[in-house]
Undergrad: 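Just passing along the structure, written as structure tokens.
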Amino acid sequence: MKTSKRIGGILFCLLPVILAFGIQIIVTFAAVFLKIFLQVFANWELLAESSDPDFLSESILTPAMSSIMDSQFLAGISAFYAVIAALVLGFWYWKRFCPKKQPRRSISSIINLQMAGGLVLIMIGMQYISTYVVMLLATINPGWYHTYEELMKSVGFGNVTLLLAMYSVIIAPISEELIFRGVTMKYAQKVLPFVAANILQAFLFGLFHANIIQGTYAFVVGLFCGYVCHKGGSLYLSILFHMMFNIWGTFAPEFLNYSGNLIPLHIPIFAIAVCLAAGGIFLYLGYILILDKATRMTHN
């Protein structure tokens with residue numbers, strides 16, 4: 001493949017991410033504008049009668065901006081954006097990459113107990129490995145972690161609501177998998193070998209989160225989501241893996257994550273995490289090999 005064509009193909013991989021980012025900006029600005037407009041409309045008579053130049057700021061704009069920063073409102077914006085992005089990128093993925101004449105694989109042929117067990121082990125192992133990556137970054141620059149903590153609190157992860165749980169566990173995994181492991185990675189694999197395509201989509205996935213801690217965390221998760229999707233041959237698998245990851249991150253009790261200073265305790269925890277991830281990959285790949293063998297025998 002010519003270098004210019006490869007570069008063009010790589011640049012084209014940015015379009016799904018740019019589109020998703022554009023949808024996010026439009027939804028956010030529209031929601032904020034609507035919130036302010038409704039606040040002004042509800043106080044229109046008072047605004048018209050008031051001669052105080054500070055009335056608009058103190059009685060309308062300040063309360064409106066306060067409600068905009070409410071965690072429920074922010075979670076609602078995130079959920080609404082993710083639904084629209086899922087519909088748009090889902091249509092793109094279906095139109096461009098879903099075979100129309102081939103029979104669809106049944107869910108039972110994609111996911112079974114061994115494969116799901118492998119994904120669970122990979123997820124648990126990667127949760128701890130990712131935590132240690134975050135701890136390392138926080139040690140390098142505590143400010144990065146402070147920014148990340150404030151972001152999580154602003155969205156409401158300190159007190160998870162039903163809306164936030166639905167967004168985190170269901171809506172976001174579907175939307176993000178369609179964007180990154182779906183459209184982006186599929187286009188990247190047309191011009192790059194899988195390893196490079198997987199790194200590219202994971203890098204864009206991390207960049208999309210717009211802060212060092214969450215971006216690095218997302219990059220690591222994105223690599224494994226891409227691997228799961230590629231090896232299993234189905235986007236359903238990376239969506240399932242992503243959902244598992246977010247369920248743990250949203251609902252796992254704090255005592256499961258040791259954050260103390262006893263290094264002798266961290267070493268075995270990290271070793272166990274690596275073993276769990278490796279064992280999960282072994283189970284996952286084992287089932288895929290069995291499935292491939294059965295498929296070849298059927299075709300022969």
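Atoms considered below: every heavy atom in the structure, side chains included; atoms not considered: hydrogens, waters and symmetry mates.
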Undergrad: Tell me whether Ser168 contacts the main-chain N or O of Leu164 through its side chain, where contact means a donor paired with an acceptor under 3.5 Å.
TA: no

Undergrad: Going through the distances and angles, do Tyr132 and His266 end up as a side chain to side chain donor-acceptor pair (under 3.5 Å)?
TA: CA-CA 9 Å; Tyr132 282 111; His266 283 294; 2.8 Å; yes

Undergrad: Walk me through it: do Val83 and Phe80 pass the test side-chain contact (heavy atoms from CB on, under 4.5 Å)?
TA: CA-CA 5 Å; Val83 169; Phe80 189 62; 5.5 Å; no

Undergrad: Using the ring of Phe241 (Phe, Tyr or Trp, six-membered ring only), decide whether Arg181 places NZ or CZ under 6.0 Å from its centre and within 45 degrees of its axis.
TA: no

Undergrad: Is the shortest side-chain heavy-atom distance between Met244 and Val120 below 4.5 Å?
TA: yes

Undergrad: Can you tell me if Leu113 has over 12 outside heavy atoms packed within less than 6.0 Å of its CG?
TA: no

Undergrad: How far apart are the closest heavy atoms of Leu137 and Ile212, and which atoms are they?
TA: CD1-O, 4.3 Å

Undergrad: Around Phe208, counting heavy atoms of other residues, nucleotides and ligands shown, do more than 12 lie under 6.0 Å from its CZ?
TA: yes

Undergrad: For Gln201 and Thr184, which I'm curious about, is there any donor-acceptor pair between the side chains at under 3.5 Å?
TA: no

Undergrad: Verify side-chain contact (heavy atoms from CB on, under 4.5 Å) between His230 and Asn198, making sure each step is shown before the conclusion.
TA: CA-CA 9 Å; His230 175 71; Asn198 195 32; over 6 Å; no

Undergrad: Count I, L, V, M, F, W, Y as connected when their side-chain heavy atoms are under 4.5 Å apart, and connections chain through other members. Are Phe270 and Ile272 then in the same cluster?
TA: yes

Undergrad: Can you confirm whether more than 12 heavy atoms, excluding those of Met166, are under 6.0 Å from its CE atom?
TA: no

Undergrad: Backbone N or O of Ala82 within a donor-acceptor pair of the Ser175 side chain at under 3.5 Å?
TA: yes

Undergrad: What do the steps show when you test Met115 against Leu237 for side-chain contact (heavy atoms from CB on, under 4.5 Å), and what is the final call?
TA: CA-CA 9 Å; Met115 180 176 281; Leu237 292 168; 3.2 Å; yes

Undergrad: Minimum heavy-atom separation for Ser130 and Phe245, please, with both atom names.
TA: OG-CZ, 4.0 Å

Undergrad: When the ring planes of Tyr93 and Phe97 are compared, do they come out parallel, tilted or perpendicular, using 30° and 60° as the limits?
TA: tilted

Undergrad: Are any side-chain N or O atoms of Glu177 and backbone N or O atoms of Leu235, one a donor and one an acceptor, separated by less than 3.5 Å?
TA: no

Undergrad: What are the two closest heavy atoms between Ile129 and Ala277, and how far apart are they?
TA: CD1-CB, 4.4 Å

Undergrad: Please confirm whether the backbone N or O of Ile247 pairs with a side-chain atom of Thr250, one donor and one acceptor, at under 3.5 Å?
TA: no

Undergrad: In terms of hydrophobic clustering (I, L, V, M, F, W, Y; side-chain heavy atoms under 4.5 Å; direct or indirect links), are Tyr187 and Ile18 co-clustered?
TA: yes

Undergrad: Relative to each other, are the rings of Phe194 and Tyr227 parallel, tilted or perpendicular (30° and 60° limits)?
TA: tilted

Undergrad: Minimum heavy-atom separation for Leu121 and Gly280, please, with both atom names.
TA: CB-CA, 3.6 Å

Undergrad: Just how far is it from atom CE of Met123 to atom CZ of Phe224, taken to the nearest 0.5 Å?
TA: 13.0 Å

Undergrad: In terms of heavy-atom contacts, does CZ of Phe282 have more than 12 from other residues, nucleotides or ligands at under 6.0 Å?
TA: no

Undergrad: Let me check something: do Val220 and Leu136 share a hydrophobic cluster, defined by ILVMFWY side-chain heavy atoms less than 4.5 Å apart, either directly or through other members?
TA: yes

Undergrad: Can you confirm whether or not the ring centre of Tyr148 sits under 6.0 Å from the ring centre of Tyr217?
TA: no

Undergrad: I would like to know whether Met243 and Ile174 meet side-chain contact (heavy atoms from CB on, under 4.5 Å); could you show each step before the answer?
TA: CA-CA 8 Å; Met243 285 180 173; Ile174 294 173; 3.8 Å; yes

